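Heads up, the thing below is written out as structure tokens.
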Amino acid sequence: MYRVKELFYTLQGEGARTGRVAVFCRFSGCNLWSGRERDRATAACDFCDTDFVGTDGLGGGRFATADELADAILGTWKGGAAAPYVVFTGGEPLLQLDEALVAACKKRGFEVAVETNGTIEPPDGIDWITVSPKPRSELRLKTGQELKLVFPQEVTPESVAGLDFPLFFLQPLDGPDRQRNTELAIAYCREHPRWQLSVQTHKILGIP
Ligand code: SF4
């Protein structure tokens, strides 16, 4: 049984693949926060900006098998002949994404990406792994295609810069201090050119 908060066709808003069309499959649940405001202050990850509770979002629901969910993902793709692309996110997608679902998506022609907090080992077969380290948690996944760090936060760029990723992105922490955090991120990237700025284009531009 897979629990999906929402399933929708959009443009990737962050990181190296910004602007690319994709089906986003947002799984319910995370291992670093319950998703409920009353628990935020005591959560390991306390700056989350995503609603991942339940299965009541657009295209969300419970899917009994990998094939059933992969069919729903295929049905959500509107990119025609372009290479089909699915991004599994959350919540923490690696609580649910397994080899069977990766294989079912690939069988339907999809390139498979995941955006994870890096605390859980991924199944085989994923094409693009984005790791976004979070505070007060053990980072177990230390390699992938891009590392995207929300900044500033307890996890510092210096503490993860030695990991095995070809791309490093610094993404300003959203919220009332977004402008200030953006300025800090820009200043850090200017001083440390290995890091590239990632902005949440879907929020800034209102991409649905
Ligand atoms: S790890 Fe990600 S999904 Fe989980 S609470 Fe933090 S930001 Fe939200």
Side-chain angles (χ1 to χ4, degrees), residues 2-8 10 12-18 22-60 69 86-98 101 112-123 126 128-157 159-160 163 165 167-178 181-182 184-185 197-204:
Y2 301 93
R3 292 176 300 107
V4 173
K5 173 69 181 184
E6 53 183 349
L7 189 62
F8 56 102
T10 186
Q12 169 62 271
E14 310 170 353
R17 294 188 156 184
T18 295
V23 173
F24 265 64
C25 178
R26 184 180 310 289
F27 283 118
S28 301
C30 181
N31 56 343
L32 299 185
W33 180 38
S34 69
R36 308 198 185 280
E37 284 305 323
R38 64 173 179 264
D39 300 329
R40 186 186 282 275
T42 54
C45 182
D46 59 0
F47 54 72
C48 188
D49 60 1
T50 306
D51 178 7
F52 54 77
V53 176
T55 56
D56 57 349
L58 179 70
L69 179 49
V86 58
V87 179
F88 289 101
T89 185
E92 174 43 56
L94 294 182
L95 291 169
Q96 299 193 62
L97 181 60
D98 56 11
L101 182 54
V112 175
V114 69
E115 298 188 351
T116 171
N117 59 30
T119 58
I120 299 170
E121 297 286 343
I126 298 173
W128 186 273
I129 295 177
T130 302
V131 174
S132 185
K134 297 298 189 302
R136 297 178 288 279
S137 60
E138 185 192 355
L139 188 65
R140 298 179 66 190
L141 182 52
K142 298 179 178 175
T143 186
Q145 278 60 50
E146 63 180 1
L147 185 140
K148 187 176 64 186
L149 186 67
V150 174
F151 180 81
Q153 57 145 316
E154 277 179 39
V155 182
T156 64
S159 70
V160 293
L163 299 180
F165 291 84
L167 295 166
F168 287 83
F169 289 96
L170 216 53
Q171 186 165 290
L173 176 63
D174 199 7
D177 297 328
R178 184 170 76 181
N181 295 338
T182 302
L184 289 172
L197 185 70
S198 172
V199 292
Q200 295 181 293
T201 58
H202 51 297
K203 286 188 183 174
I204 295 167

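Owing to the predicted nature of the structure, the values given are computational and were not obtained by experimental measurement. Sequence positions, counted from 1, serve as the residue numbers for this chain. Counting convention: from 1, in listed order, for ligands and their atoms alike.
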(message) Taking Ile120's backbone N and O only, do any of them form a donor-acceptor pair with Arg140's side chain (distance below 3.5 Å, no angle check)?
(response) no
(request) For the pair Lys5 and Asp56, find out whether any cationic side-chain nitrogen is under 4.0 Å from an anionic carboxylate oxygen. (result) yes
(message) Within ligand 1, which atoms have a heavy atom of Gly91 less than 4.0 Å away?
(response) 3 (S)
(request) Specify whether an N/O/S atom of Cys48 falls short of 2.8 Å from atom 8 (Fe) of ligand 1. (result) yes
(message) Using side-chain heavy atoms (C-beta onward) and a distance below 4.5 Å, is Arg40 in contact with Trp33?
(response) yes
(request) For residues Phe88 and Phe27, establish whether the separation of their ring centroids is below 6.0 Å. (result) yes
(request) Check whether any side-chain N or O of Ser132 sits under 3.5 Å from a backbone N or O of Leu149 as a donor-acceptor pair, and report yes or no. (result) no
(request) For atom 4 (Fe) of ligand 1, grab the closest protein heavy atom and report residue, atom and distance to one decimal in Å. (result) Cys30 SG, 2.3 Å
(message) Can you report which non-hydrogen protein atom sits closest to atom 2 (Fe) of ligand 1, along with the distance?
(response) Lys134 CE, 3.9 Å
(request) Identify, for atom 6 (Fe) of ligand 1, the protein heavy atom at the shortest distance, and state residue, atom and that distance. (result) Cys45 SG, 2.3 Å
(message) Taking 4.0 angstrom as the limit and counting only heavy atoms of Asn117, give me the atoms of ligand 1 inside it, by number and element.
(response) 1 (S)
